[in-house]
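See structure below.
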Amino acid sequence: MTLAQTILTLLADGGFQSGPALGRATGRTRTAIWKAIQLLKSSGLEIYCVRGKGYRLAQPVELLNRDRIFAALDSDARQAVQQLDVHHEVDSTNARLLEVARQGDTSGHVCIAECQHAGRGRRGRQWVSPFGGNLYLSLLWRFQSGASSLGGLSLAVAVAVMRALCDAGVASAQLKWPNDILLDGHKLAGILLELAGEAAGPCAVVVGVGLNIRTPAAEMSAVNQPWTDLESVLEKAVLRNELAASLLRHLLHAITDFERQGLRPFMAEWAQWDVLMGQEVILDLPTGLLRGVARGVDENGALLLARNGELQRHYSGEVSVRLSAKVESATACGVGQ
Ligand code: BTN
């Protein structure tokens, strides 16, 4: 653990800790403590410094804890998880696992971080990932089939995230094809699937989920589309370790179901939560914009678009979708979220 992480652990309960007390607890000088505090502030944490009292977090934070997450998994999920890493800061949890995938044949490796300094979003965007209580989670999974059979995987993952949100008490989130999770048109979670290895043979996929739980507004000024977070929606503090375990459990179950049966077991839930269904939409293709009416998805995860009396199929990764009506801003391009 770095000095900053040790200090964070000492401050996590929201109580005051004086500089000398932190110095004694860590065996470091007051200057070193001060520098570590500045480092924590620069990663997005709000820390008060009060003369005569010391340092205090603006809000207590439940730090992510590997053992607590693992203990909250069910036995199937525990068996499926080969390795569970919880980091304070990484470049990107997806990038870490892509590196793991390149080095061996691991499946079931999970990487979770308190913050990312190079979080990745879809279509080359950045995923702003400050410290402060969100969840950045990736899972490496090796499929025996080739990439061509994984067309609907990102939709199955989106359904898994929705199931975890339902368990957490969020009743009104919706899905926007291919895998955005929105609440009243505001982005609550994003999913990024990245492929490692050969597309033709057995392939490894890194499934990355970013879930806004407690998002420091100041850090999000670069995000140019409406976003929201779970604690604002639920109006209460969220137990992050429990939520991380629930998300992981749903992801693992969804992936193993998808391996056996494809998208079929997820279709009904997708239809129930599909924010585009029956809406007039605009598809942004490399060849130009297409206007039509969204008619759900097929079993390969393609968006069905009714246009000029025919039903067209459009596949994830090739197109972006913009609602032509009032929620249009929820899909604006630029920085992620
Ligand atoms: C999107 O643009 O909607 C997808 C965002 C995906 C973000 C998650 S956070 C965990 C994982 N690591 C990353 O770098 N990105 C994904």
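We count residues from 1, following the sequence as given. Start at 1 and go down the list; that is how both ligands and their atoms are numbered. Note that the structure is a prediction, hence the values are computed from the model and not measured.
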Report the C-alpha distance between Gln83 and Val100 in whole Å, list the side-chain angles of each, state the deciding distance to 0.1 Å, and finish with yes or no for side-chain contact (heavy atoms from CB on, under 4.5 Å). CA-CA 11 Å; Gln83 188 166 331; Val100 171; over 6 Å; no
Intermediate values then yes/no, side-chain contact (heavy atoms from CB on, under 4.5 Å), Ile213 and Asp229: CA-CA 5 Å; Ile213 299 178; Asp229 62 23; 5.7 Å; no
Passes side-chain contact (heavy atoms from CB on, under 4.5 Å), Asp298 versus Leu304? Steps please. CA-CA 7 Å; Asp298 74 5; Leu304 300 173; 4.1 Å; yes
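Per-residue contacts place Leu137 under 4.0 angstrom from the following atoms of ligand 1 (heavy atoms of the residue considered): 10 (C). When each atom of ligand 1 is checked for a heavy atom of Ser138 under 4.0 Å away, the hits are 11 (C), 12 (N). Residue contact check: Ile191 has heavy atoms under 4.0 Å from atoms 3 (O), 4 (C) of ligand 1. Interface of Val209 with ligand 1, defined as ligand atoms under 4.0 Å from a residue heavy atom, comprises 8 (C), 9 (S), 10 (C). Atoms of ligand 1 lying under 4.0 Å from any heavy atom of Leu192, numbered from 1 in the order shown and given with element: 6 (C). Near Gly210, with a cut-off below 4.0 Å to any heavy atom, the atoms of ligand 1 are 7 (C), 8 (C), 9 (S). Against a heavy-atom cut-off of under 4.0 Å, Gly119 is close to the following atoms of ligand 1: 14 (O).
Contacts with ligand 1 closer than 4.0 Å are made by no heavy atom of Asn179, backbone or side chain. Within the 4.0 Å heavy-atom criterion, neither part of Arg123 lies near ligand 1.
Ring-plane geometry between Phe143 and Phe258 is classed as perpendicular, the angle between the planes exceeding 60 degrees on a 0 to 90 degree scale with a lower cut at 30.
Taking a 6.0 Å sphere around CD of Glu231, one finds it holds more than 12 heavy atoms contributed by other residues, nucleotides or ligands.
Put simply, the side chain of Arg214 does not reach to within 4.5 Å of the side chain of Val238, judged on heavy atoms.
Ion pair Arg96/Glu99 not flagged as a salt bridge, since none of the NZ, NE, NH1 or NH2 atoms sits closer than 4.0 Å to an Asp/Glu carboxylate oxygen. Arg66 and Asp85 are not joined by a salt bridge, as no carboxylate oxygen comes within less than 4.0 angstrom of a charged side-chain nitrogen.
The backbone N or O of Glu62 sits less than 3.5 Å from a side-chain atom of Arg240, completing a donor-acceptor pair.
Note: an N/O pair closer than 3.5 Å links Ser92 and ligand 1 by distance alone. For the pair Trp127 and ligand 1, the shortest N or O to N or O distance does not fall below 3.5 Å.
Proximity annotation for atom 12 (N) of ligand 1: of Leu97, Thr93, Asn134, Val90, Thr93 comes nearest, heavy atoms only. Within the set Arg96, Lys176, Arg120, Lys187, the minimum heavy-atom distance to atom 16 (C) of ligand 1 is found for Arg120.
Residue contacts with ligand 1: Arg125 is excluded, as none of its non-hydrogen atoms falls under 4.0 Å.
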